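Read through the structure below, which is laid out as structure tokens, and then see the notes.
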Amino acid sequence: MSEQATLSMGGAFVDDSAARTEFLAVQRRLRWRKRLLPLAAVLALLLIWWQSIEIFGIRPFIAPSPVAVGEVLVSRFDMLMENLLPTSIEAVLGFLLGNFAGIAIATAFVYSRTMEEAFFPIAVMINTIPVVAKAPILVLLMGNGMEPKITIAALICFFPTLVNMVRGLEAVNPQSMELMRVLSASKSEVYFKLRLYNSLPYLFSALKIATSTSVIGAVVGEWIGSTRGIGALIIQATYSFDSALLYSAVIMSSLLAGAFFLLITLIERTVVKWQPASAP
């Protein structure tokens, strides 16, 4: 190999190393940008909120300042956490129950067209009933315990999972299905090794929606006939015109839903490894 060719290859290696270094630097900047932009947006909104209270002279019982809400979050943290616990239990149990039912019924729909045609319209009609209309009915049927709150959370989680799972279980590559038939795969093997595997991205999309709706269902369920929980605390703070406590309770429910969403996202990244990374 000539000396000129050797120098050319050495230059190519140097260029490749420089390009890789630049690429990693760009990726680091993008990661920091994704972290700092939401933080900057939150700080900007808090500043706008605070200045609006000061400029327009809004009374505290109508809308508290961020400082007042922060003081309540610190001074009454134990009480807020005590009420957050039952709401968390109701949301998690409703999430598990609703999504399990959605997956099971979606599987039945995929393997029985008659069942899908008979019961899918009923599921749609149940989903159209407002949550605040379902809550008193379930409280009358089940009492004032956790059961109606869990059921409300489950009903809200159920429909998105049902729709997404039916779509995911049916969206199987025909060539893959033909290959399973050629290999004499049983129905259970086709389901677990092909259909369920194919439906995981659809399932996790529904689960991420259900993380927030399960908390909403639990909170709404606590509005009626409950003395504990974030929903009950919201009602109590509303009728006592304690707006700082009201905002603090809302923030706690939002943090619960956000933490739940983050957990499902981390599980998705662990389980669904073949999904391409989203573009920045």
Side-chain angles (χ1 to χ4, degrees), residues 42 45 49 60-66 68-102 126-161 206-264:
V42 169
L45 289 173
W49 175 11
F61 67 86
I62 297 176
S65 69
V69 175
E71 290 174 352
V72 170
L73 285 170
V74 173
S75 63
R76 307 181 75 173
F77 181 76
D78 292 340
M79 184 266 289
L80 289 168
M81 291 300 297
E82 182 181 345
N83 283 275
L84 184 65
L85 179 60
T87 304
S88 303
I89 295 172
E90 293 156 3
V92 171
L93 292 178
F95 176 88
L96 295 174
L97 178 62
N99 286 295
F100 178 79
I126 293 174
N127 186 64
T128 59
I129 301 173
V131 182
V132 292
K134 296 173 185 174
I137 296 173
L138 292 171
V139 168
L140 288 174
L141 291 173
M142 300 181 177
N144 289 329
M146 280 191 172
E147 292 82 359
K149 289 81 171 176
I150 295 170
T151 305
I152 293 168
L155 286 173
I156 299 178
C157 296
F158 168 76
F159 191 74
T161 301
L207 293 182
K208 286 189 282 188
I209 296 172
T211 55
S212 59
T213 57
S214 63
V215 176
I216 293 171
V219 170
V220 171
E222 290 169 346
W223 286 356
I224 301 173
S226 181
T227 57
R228 296 178 65 241
I230 293 296
L233 192 61
I234 288 173
I235 295 298
Q236 293 167 14
T238 301
Y239 285 114
S240 62
F241 295 97
D242 191 347
S243 61
L245 179 59
L246 171 63
Y247 278 53
S248 299
V250 171
I251 289 172
M252 294 298 288
S253 66
S254 179
L255 291 175
L256 172 61
F260 207 177
F261 181 90
L262 180 60
L263 175 62
I264 297 300

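Because the structure is a prediction, the values reported are computed rather than measured.
Ile230 contributes atom CD1, which lies 5.0 Å from atom CG of Leu84 (distance to the nearest 0.5 angstrom). To the nearest 0.5 Å, atom CD of residue Glu71 and atom OG of residue Ser65 are 7.0 Å apart. From Asn83, atom CG reaches atom OG of Ser248 across 12.0 Å, with rounding to the nearest 0.5 Å. Between atom CE of residue Met252 and atom CG of residue Leu256 there is a gap of 8.5 Å, rounded to the nearest 0.5 Å. To the nearest 0.5 angstrom, Ile129 atom CD1 is 6.5 Å from Ile137 atom CD1.
Looking at residues two or more places apart in sequence or on another chain, you find a side-chain contact (heavy atoms from CB on, under 4.5 Å) between Ile251 and Val69, Leu73, Leu255. With sequence neighbours left out, Thr238 forms a side-chain contact (heavy atoms from CB on, under 4.5 Å) with Ile234, Leu246. For Thr161, the side chain to side chain donor-acceptor pair (under 3.5 Å) test picks out Asn99, with sequence neighbours left out.
A ring-ring contact (aromatic ring centres under 6.0 Å, His included) check over residues 236-260, counting only residues at least two apart or in different chains, returns the pairs Trp49-Tyr247, Phe95-Phe260. Every pair tested for salt bridge (charged side-chain N to carboxylate O under 4.0 Å, His left out) that includes a residue from residues 249-262 fails, sequence neighbours excluded, so the list is empty. Contacts classified as salt bridge (charged side-chain N to carboxylate O under 4.0 Å, His left out) and involving residues 229-238 (residues at least two apart or in different chains) are not found. Sequence neighbours left out, the pairs with a member in residues 72-83 that pass salt bridge (charged side-chain N to carboxylate O under 4.0 Å, His left out) are Arg76-Asp242. A salt bridge (charged side-chain N to carboxylate O under 4.0 Å, His left out) check over residues 219-229, counting only residues at least two apart or in different chains, returns nothing. Applying the ring-ring contact (aromatic ring centres under 6.0 Å, His included) test to every pair with at least one member in residues 129-154, sequence neighbours left out, gives no pairs at all. Pairs passing the side-chain hydrogen bond (donor to acceptor under 3.5 Å, both in side chains) check and including a residue from residues 252-264, sequence neighbours excluded, do not occur.
You'll find the side chain of Leu80 reaches within 4.5 Å of the side chain of Leu245, heavy atoms only. Proximity of Ile89 to Leu93: side-chain heavy atoms (C-beta onward) are separated by under 4.5 Å at one or more points.
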Taking only distance into account, with no hydrogens and no angle test, what donor-acceptor pairs under 3.5 Å do side-chain atoms of residues 206-219 form with protein atoms, sequence neighbours excluded?
unit_1 : atom_1 : unit_2 : atom_2 : d
Lys208 : NZ     : Glu268 : OE1    : 2.9
Thr211 : OG1    : Lys208 : O      : 2.6
Ser212 : OG     : Ile209 : O      : 3.1
Thr213 : OG1    : Ile209 : O      : 3.3
Thr213 : OG1    : Ala210 : O      : 3.3
Ser214 : OG     : Ala210 : O      : 3.0
Ser214 : OG     : Thr211 : O      : 3.1

For a quick test of your reading: what N or O donor-acceptor pairs under 3.5 Å do the side chains of residues 140-155 make, sequence neighbours left out?
unit_1 : atom_1 : unit_2 : atom_2 : d
Lys149 : NZ     : Asn144 : O      : 3.0
Lys149 : NZ     : Gly145 : O      : 3.0
Thr151 : OG1    : Glu147 : O      : 2.8

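Closest of all the heavy-atom pairs between Ala232 and Ser226 is CB-O, 3.5 Å.
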